[in-house]
Amino acid sequence: MARAEQKIKVKVESPTSEFYVEVKASDKVKDLIKIVKKVWGSDYMLLSHNSVEMKGDQTLSTYGVKNGSVIKVTVFAEEP
């Protein structure tokens with residue numbers, strides 16, 4: 001029987017605020033973006049992990065995201 005993938009807790013931070021979210025390493029970056037949009041309400045943002053820009057169709061594990069990782073968010077007022 002396959003073991004359910006464990007959730008990991010990551011910190012999402014911008015220059016002005018932060019929050020924690022539970023995700024799976026196999027989740028897509030675009031799934032995390034949806035969560036961030038709900039919190040910050042912007043359609044225009046850039047996510048990065050270890051100074052690497054994250055692309056929406058990749059999984060979080062592609063970028064080495066694991067429990068305790070920090071995702072940096074740059075939010076734009078309009079389309080960059």
Is there a donor-acceptor pair under 3.5 Å between the side chain of N67 and the backbone N or O of K9? yes
If only atom types and distance count, is the side chain of S61 paired as donor or acceptor with the main-chain N or O of G64 below 3.5 Å? no
In a table with atom names and distances, give each donor-acceptor pair under 3.5 Å that connects a side chain of residues 46-54 to protein atoms at least two apart or in another chain.
| from | atom 1 | to | atom 2 | distance (Å) |
| --- | --- | --- | --- | --- |
| H49 | ND1 | Y63 | O | 2.9 |
| H49 | NE2 | S69 | OG | 3.4 |
| E53 | OE2 | K55 | NZ | 3.2 |

Which residue pairs satisfy the ring pair (Phe, Tyr, Trp, His ring centres under 6.0 Å) criterion with at least one member in residues 4-34, sequence neighbours excluded?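 Those involving residues 4-34 are F19-W40.
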Are V39 and M45 linked, directly or through intermediate hydrophobic residues, by side-chain heavy-atom contacts shorter than 4.5 Å (ILVMFWY only)?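 They do share one cluster, since a chain of ILVMFWY contacts under 4.5 Å joins M45 to V39.
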Considering only residues two or more places apart or on different chains, which pairs with a residue in residues 23-48 satisfy salt bridge (charged side-chain N to carboxylate O under 4.0 Å, His left out)?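 The answer is K37-D43.
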Any side-chain heavy-atom pair from V23 and I8 closer than 4.5 angstrom? yes
Evaluate the side-chain proximity of T59 to V29: yes if any heavy-atom separation is below 4.5 Å, no if none is.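 The answer is no, as the side chains (C-beta and beyond) never meet within the 4.5 Å cut-off.
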